[in-house]
Amino acid sequence: MVMQVISGHLGWVRSVAFDPSNNWFCTGSADRTIKIWDVASGRLKLTLTGHIEQIRGLAVSSKHTYMFSAGDDKQVKCWDLEQNKVIRSYHGHLSGVYCLALHPTIDILLTGGRDSVCRVWDIRTKMQIFALSGHDNTVCSVFTRPTDPQIVTGSHDTTIKFWDLRYGKTMSTLTHHKKSVRAMAPHPKEHSFASASADNIKKFSLPKGEFLHNMLSQQKTIINTMAVNEDGVMATGGDNGSLWFWDWRSGHNFQQAQTIVQPGSLDSEAGIYALAYDVTGTRLISCEADKTIKMWKEDETATEQTHPLNFKPPKDIRRF
């Protein structure tokens, strides 16, 4: 259920990231600003300007006081949150940058973009360590892990690639999807990840990448984003404003929410571009096309009577 609607951006809100101490979160928008909000109250703390196009990727470092942003202006920036200004820029993308991730243990940054390449940057020296090339189309999703495959990318060419960070080469390619893999989410505890495209949401094992199963329903829209918390509740956000909640283990879609556009918006502006759970996994933030940020929480009053679980396990769970 929606707990709070936060407005303040003047354009589509495209990206979100939480601060590891769970005090604030940042959002990047098509109005070319990054705004930093207080988690508890939803109040605006700070607005950062510097990008000249929309901001599609954000990440906050857990080791330094740094925030990283990337956008359609080909720029990847490192912000120092003690002085609230850009201290480094990473140059090399030939086109817009669509996704960004920070390695959990080494000080490197990964950005994927419209030039079909995932670039690996040394945060401190601003050097490009690798350009991971192999995709035939835009790299639109990426996540990293401490162990091999340390980098996983999803692309508009419908494939998912595992990369070997030592040599900068592809370890394996997953070709299960039929449409662009716009969103991926690793499970915070299990060795598995889910990937979403307009045809299906699929679950794969790590580190090998074996296909586990499809989620048991189809959202029938472009899925822009997904997030999983430690309880195994996966949320997927659609281009039509649908927000679906799934049980990670069974793949059962147990709740379907529909975002409501803020007054004065067109119904066609119902679209969810980014989702993120806070550090505790109890709050979900959605970034939307009606220029709002919505904060969702679990309904504590829900019972099995008010929200019945109509779950019939399929006899022939499709494995392809």
Side-chain angles (χ1 to χ4, degrees), residues 1-7 9 11-16 27 29-30 56 98-99 140-141 154 156 158 177-185 187 193-203 213-229 231-278 281-299 302 306-312 314 318:
M1 59 192 250
V2 177
M3 182 175 123
Q4 195 176 11
V5 179
I6 304 167
S7 52
H9 275 298
W12 292 352
V13 191
R14 299 295 312 224
S15 50
V16 59
T27 53
S29 162
R56 285 186 182 246
Y98 279 22
C99 57
C140 45
S141 48
H156 283 332
T158 74
H177 282 289
K178 302 180 186 67
K179 298 260 175 33
S180 314
V181 185
R182 286 170 189 259
M184 293 190 300
H187 191 282
F193 75 98
S195 60
S197 76
D199 55 359
N200 254 319
I201 303 172
K202 296 177 188 291
K203 207 164 94 186
H213 61 89
N214 283 328
M215 293 293 158
L216 304 180
S217 328
Q218 286 176 313
Q219 204 162 338
K220 299 254 190 297
T221 177
I222 292 171
I223 296 173
N224 287 322
T225 173
M226 61 203 305
V228 193
N229 68 5
D231 299 335
V233 177
M234 182 168 79
T236 55
D239 222 31
N240 58 1
S242 57
L243 178 61
W244 284 23
F245 294 95
W246 310 79
D247 172 40
W248 180 265
R249 226 180 86 222
S250 64
H252 172 57
N253 165 226
F254 65 86
Q255 192 185 348
Q256 302 179 4
Q258 176 66 33
T259 186
I260 300 160
V261 294
Q262 68 172 341
S265 299
L266 308 169
D267 287 340
S268 58
E269 286 182 310
I272 299 174
Y273 290 123
L275 288 171
Y277 279 104
D278 74 342
T282 54
R283 296 278 179 277
L284 179 70
I285 298 275
S286 62
C287 300
E288 314 206 354
D290 65 352
K291 312 185 180 86
T292 62
I293 300 151
K294 296 194 174 79
M295 201 181 275
W296 307 72
K297 69 168 180 189
E298 196 179 347
D299 185 355
T306 60
H307 293 74
L309 272 181
N310 304 320
F311 178 44
K312 300 181 184 64
R318 283 193 27 229

Point to revise | Trp246: partners by side-chain hydrogen bond (donor to acceptor under 3.5 Å, both in side chains), with sequence neighbours left out | key: Thr236
Study note, to complete from the structure: Separation between CE (Met226) and CG (Leu275), nearest 0.5 Å, reads 9.5 Å
Check your understanding: Nearest 0.5 Å, what's the OH-CZ distance between Tyr98 and Arg14?
Key -> 8.0 Å
Point to revise | Beyond-backbone contact of Ile223 with Ile201, side-chain heavy atoms, under 4.5 angstrom | key: yes
**Study point:** Test log, rule side chain to side chain contact (heavy atoms under 4.5 Å, CB included), inputs Ser195 and Met184
**Key:** CA-CA 4 Å; Ser195 60; Met184 293 190 300; 3.8 Å; yes
Practice item. Under the side chain to side chain contact (heavy atoms under 4.5 Å, CB included) rule, what do Phe245 and Leu284 come out as? Steps first, then yes or no, please. Key: CA-CA 11 Å; Phe245 294 95; Leu284 179 70; 3.7 Å; yes
**Study point:** Point-to-point distance, once rounded to the nearest 0.5 Å, from CD of Glu298 to CZ of Arg283
**Key:** 9.5 Å
Practice item. May I have the step-by-step check of side chain to side chain contact (heavy atoms under 4.5 Å, CB included) for Asp239 and Tyr273, ending in yes or no? Key: CA-CA 7 Å; Asp239 222 31; Tyr273 290 123; 4.0 Å; yes
**Study point:** Side chain to side chain, Ile285 and Asp278, heavy atoms closer than 4.5 Å
**Key:** no
Review point. Would a distance-only check, ignoring hydrogens and angles, find a side-chain to backbone donor-acceptor pair under 3.5 Å from Ser197 to Thr158?
Key: no
Exercise for review: Quick one: pull up CE in Met3 and NZ in Lys294 and give me the separation to the nearest 0.5 Å.
Suggested key: 14.5 Å
Practice item. Decide whether Glu288 and Ser286 meet the rule of one side-chain donor and one side-chain acceptor closer than 3.5 Å. Key: yes
**Study point:** Shortest non-hydrogen contact from Val261 toward Ala270
**Key:** CG1-N, 3.5 Å
**Study point:** side-chain hydrogen bond (donor to acceptor under 3.5 Å, both in side chains) against Lys220, all qualifying residues, sequence neighbours excluded
**Key:** Gln218
Exercise for review: Could you tell me whether the side chain of His9 reaches within less than 4.5 Å of the side chain of Ile293, counting heavy atoms only?
Suggested key: yes
Check your understanding: So how far is it from Lys291 NZ to Ser29 OG, rounded to the nearest 0.5 Å?
Key -> 9.0 Å
Point to revise | With Cys287, the side-chain contact (heavy atoms from CB on, under 4.5 Å) member among Thr27, Thr225, Ile272, Ile6 | key: Thr27
Exercise for review: Check whether any side-chain heavy atom of Val233 lies under 4.5 Å from a side-chain heavy atom of Tyr277, and answer yes or no.
Suggested key: yes
Point to revise | Pairwise distance OG(Ser250) to CE(Met215) - rounded to 0.5 angstrom | key: 8.0 Å
